[in-house]
Amino acid sequence: MFSNSISNCLKQVSKNYVTAHSFVTAITNQSKVTTKLVDKLKNIVGNPNVSTAEAVREQHGHDESHHDVHMPDVVVFAESVEHVSKVLKLCNDNKVPVVPFGSGTGLEGGVNALQGGVSLDLMKMNQIVSVHAEDFDCTVRPGVMRIALNAYLRDTGLWFPIDPGADASVCGMCATSASGTNAVRYGTMRENVLNLEVVLPDGRVIDTAGKDRRTKKTSAGYNLTNLFVGSEGTLGVITKATVRLYGIPEKTIAAVCHFKTVQAAVDTVVQILQSGIPMAKLEFLDDKAIEAFNKHSKFNMPVAQSLFLEFHGPALGLEDQFNTIKEVITMNEGSGLQIATDEDERKRLWKARHEMIYSCTALVPGSKPYSTDVCVPISHLPEVIVKTKQWIDEANVLGPIVGHVGDGNFHVFFPVNHADKETFLKVQDLHFKMAYLAMEKDGTCTGEHGIGMGKRKLLTKEFGETGIQVLKEVKKCFDPNGIMNPGKIFF
């Protein structure tokens with residue numbers, strides 16, 4: 001039985017759900033985009049870079065999540081910082097909403113245009129500005145994608161390891177504070193961004209750490225860089241990012257093993273971390289996730305609670321580390337240990353892991369992913385995952401669990417069809433139960449997906465009324481007219 005505080009919160013969420021849904025619907029048609037404004041936009045970026053076609057607007061009105069489409073009134077494709085600056089100034093002067101748009105791979109409705117307005121597509125700004133191999137950093141424009149960046153870096157012996165699964169844009173990853181499978185070793189975007197160029201709503205351009213600064217540390221002034229990392233396009237538009245790079249490891253070992261219970265698998269994770277061995281990836285997939293994994297990606301793994309592991313490092317010593325891990329796995333009655341050192345096999349394995357969200361939706365025809373994530377201190381991880389799985393089973397819904405458990409973060413990918421109202425409400429209830437339990441255990445309602453439009457009520461619970469008020473004051477300082485991605489993070 002979970003605590004009364006969680007129960008009370010859930011009752012309030014259930015009571016307010018219809019009201020919140022009505023609010024989102026009500027604000028959708030408040031745009032101030034006129035024919036005259038569209039003409040001015042064309043004068044700034046050129047006729048080919050402005051579209052009011054329904055298909056283009058629909059494409060820019062949603063991400064990969066289950067949230068309903070909310071189309072902008074016009075889509076503008078920027079090709080330079082000057083374009084971004086002039087578009088923002090024009091929209092700010094006319095109090096027209098602007099939603100920055102990258103690759104559209106988010107999972108919380110972050111690019112949905114709740115109040116219409118302008119969707120500002122940045123993908124044509126796809127230049128790699130500089131690579132400083134000797135300093136282990138590079139600078140990119142917002143249209144540079146993660147996989148393309150690593151292909152470009154290959155001959156330098158360096159790579160950008162932050163890997164959220166999707167082939168996201170690097171600046172989009174900054175905006176959402178992305179992380180992913182490698183976070184247990186390399187950290188999240190918050191630890192790997194050195195500087196950002198940001199266009200503010202009034203058209204001013206700032207460098208958050210100072211013009212062209214790219215030091216690994218600084219104690220100069222406020223930390224503006226990390227203010228914009230995770231800001232989800234609500235404070236300004238990121239037009240350039242300087243990020244850390246790392247040496248490509250000399251040797252990589254990937255492995256998969258299986259357990260009888262969730263508790264045994266997660267206990268193994270905690271013990272591996274306590275051993276002090278520097279893991280690169282440490283992922284948990286429950287039995288339902290393995291079923292989906294096998295069907296979609298043509299694997300034949302035992303259907304059980306499973307761990308996916310990966311080690312990076314020098315060849316000398318890596319085998320000893322792996323032998324220590326094998327002892328921990330054996331101690332927890334793990335079985336079926338398989339090792340993949342061949343690069344193609346490792347890539348196939350992790351490609352399938354990254355496609356889990358599509359594997360899950362394939363289980364329910366016509367479904368979209370209601371994907372949620374929470375993050376807790378490692379000591380609470382076994383309890384929270386076990387409880388979550390129990391709730392899913394009791395609700396009799398499909399909810400494969402997949403986790404970056406090496407840093408206390410895990411996801412549930414619920415494949416839901418909006419036409420199935422009963423299942424949708426069950427899933428929504430589970431989403432909130434997970435989040436409130438995580439917060440009760442000193443955790444957060446989202447480890448990497450962000451707040452977007454899907455977790456606004458949860459953020460209020462996490463920060464408290466005073467904390468939310470301060471966030472709103474920060475927002476108003478940068479965006480007094482409220483044009484930047486309105487309706488996201490908080491109401």
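In this chain, numbering begins with 1 at the start of the sequence shown. Note: hydrogens, waters and symmetry copies are ignored here, and every other heavy atom, side chains too, is used.
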Applying salt bridge (Lys or Arg N to Asp or Glu O under 4.0 Å) to Lys389 and not counting sequence neighbours gives Asp286, Asp287
Measure the spacing between OG1 of Thr252 and CD of Glu310 and express it to the nearest 0.5 Å. 5.5 Å
Distance flag, aromatic centroids of Phe160 and Tyr152, threshold under 6.0 Å: no
Set out, in order, the CA-CA distance, both residues' side-chain angles and the distance that settles side chain to side chain donor-acceptor pair (under 3.5 Å) for Asn195 and Thr208, then state yes or no. CA-CA 6 Å; Asn195 200 352; Thr208 58; 3.3 Å; yes
When the ring centroid of His62 is compared with that of His67, is the distance short of 6.0 Å? no
Write down the atom of Ile162, the atom of Met173, and the distance for their closest heavy-atom approach. O-CE, 3.4 Å
Taking side chain as C-beta onward, heavy atoms only, is Pro161 less than 4.5 Å from Arg185? no
Test side chain to side chain contact (heavy atoms under 4.5 Å, CB included) applied to Glu473 and Gln469, step by step: CA-CA 6 Å; Glu473 289 169 4; Gln469 186 59 43; 3.7 Å; yes
Contact between Met279 and Ile325 at the side-chain level, heavy atoms closer than 4.5 Å - yes or no? yes
Got Val170 and Leu149 here, is their nearest side-chain heavy-atom distance under 4.5 Å? yes
Test salt bridge (Lys or Arg N to Asp or Glu O under 4.0 Å) applied to Glu64 and Lys368, step by step: CA-CA 8 Å; Glu64 296 282 350; Lys368 288 186 176 182; over 6 Å; no
Stepwise salt bridge (Lys or Arg N to Asp or Glu O under 4.0 Å) check, Lys347 with Glu343: CA-CA 6 Å; Lys347 284 184 175 179; Glu343 183 177 4; 3.1 Å; yes
Around Tyr358, counting heavy atoms of other residues, nucleotides and ligands shown, do more than 12 lie under 6.0 Å from its OH? no
Got a second to check how far Ile272's CD1 is from Asp267's CG, nearest 0.5 Å? 11.0 Å
Only counting residues at least two apart or in another chain, list the ones meeting side-chain contact (heavy atoms from CB on, under 4.5 Å) with Ala395. Val397, Leu430
Crowded around Glu422 CD? As in, over 12 foreign heavy atoms under 6.0 Å? no
Under the side chain to side chain donor-acceptor pair (under 3.5 Å) criterion, do His60 and Ser119 qualify, and how do the steps go? CA-CA 7 Å; His60 288 76; Ser119 176; 4.7 Å; no
For Asn485 and Glu232: C-alpha separation, side-chain torsions, deciding distance, then whether side chain to side chain donor-acceptor pair (under 3.5 Å) applies. CA-CA 8 Å; Asn485 208 3; Glu232 302 185 38; over 6 Å; no
Hey, mind stepping through Glu394 and Gln390 against side chain to side chain donor-acceptor pair (under 3.5 Å) and telling me if it holds? CA-CA 6 Å; Glu394 289 172 353; Gln390 177 188 328; 3.0 Å; yes
Please name all residues satisfying salt bridge (Lys or Arg N to Asp or Glu O under 4.0 Å) with Glu283, sequence neighbours left out, ordered by chain then number. Arg353
To check you understand the geometry: which heavy-atom pair defines the closest contact between His258 and Pro302, and what is its length? NE2-CD, 3.4 Å
Please assess Glu197 against Arg141 for the test salt bridge (Lys or Arg N to Asp or Glu O under 4.0 Å), listing each intermediate value before the final yes or no. CA-CA 9 Å; Glu197 179 185 80; Arg141 291 293 180 190; 2.7 Å; yes
Pairwise side-chain contact, Trp159 with Pro249, heavy-atom cut-off 4.5 Å (strictly under): yes
Ala254 and Trp350 have their tightest heavy-atom pair at CB-NE1, 4.0 Å
Does a sphere of radius 6.0 Å around CZ in Phe299 hold more than 12 heavy atoms from other residues, nucleotides or ligands, not counting ones at 6.0 Å or beyond? yes
With a 4.5 Å cut-off on side-chain heavy atoms, are Gln115 and His70 touching? no
Whether Phe293 and Phe308 hold their rings parallel, tilted or perpendicular, with breakpoints at 30° and 60°: perpendicular
Closest approach of Ala168 and Ser103, non-hydrogen atoms and distance? CA-OG, 3.6 Å
If you define the side chain from C-beta out and look only at heavy atoms, does anything of Leu120 sit under 4.5 Å from Val99? no
Does a side-chain N-to-carboxylate-O contact under 4.0 Å join Glu108 and Lys488? no
Would the number of heavy atoms belonging to other residues, nucleotides or ligands and lying under 6.0 Å from NZ of Lys426 be above 12? yes
Is the closest side-chain donor-acceptor distance between Thr261 and Gln305 under 3.5 Å? no
With a cut-off of 6.0 Å (strictly less than), are more than 12 heavy atoms of other residues, nucleotides or ligands near CG of Asp342? yes
Can you confirm if the aromatic rings of Phe424 and Phe414 lie within a centre distance of less than 6.0 Å? no
Is it true that, when you exclude Glu333 itself, more than 12 heavy atoms of the residues, nucleotides or ligands shown sit nearer than 6.0 Å to its CD? no
Asp344 and Lys351 ion-paired at < 4.0 Å: no
Taking the six-membered ring for Trp, are Phe410 and Phe284 closer than 6.0 Å centroid to centroid? no
Indicate the atoms forming the closest heavy-atom contact of Leu459 with Ile489, along with that distance. CD2-CG2, 3.4 Å
Decide whether Thr446 and Asp373 meet the rule of one side-chain donor and one side-chain acceptor closer than 3.5 Å. yes
Under 4.5 Å between any side-chain heavy atoms of Pro486 and Leu114, yes or no? no
Please confirm whether the ring centroid of Tyr186 lies under 6.0 Å from the ring centroid of Tyr246. yes
Any side-chain heavy atom of His431 sitting closer than 4.5 Å to one from Lys455? yes
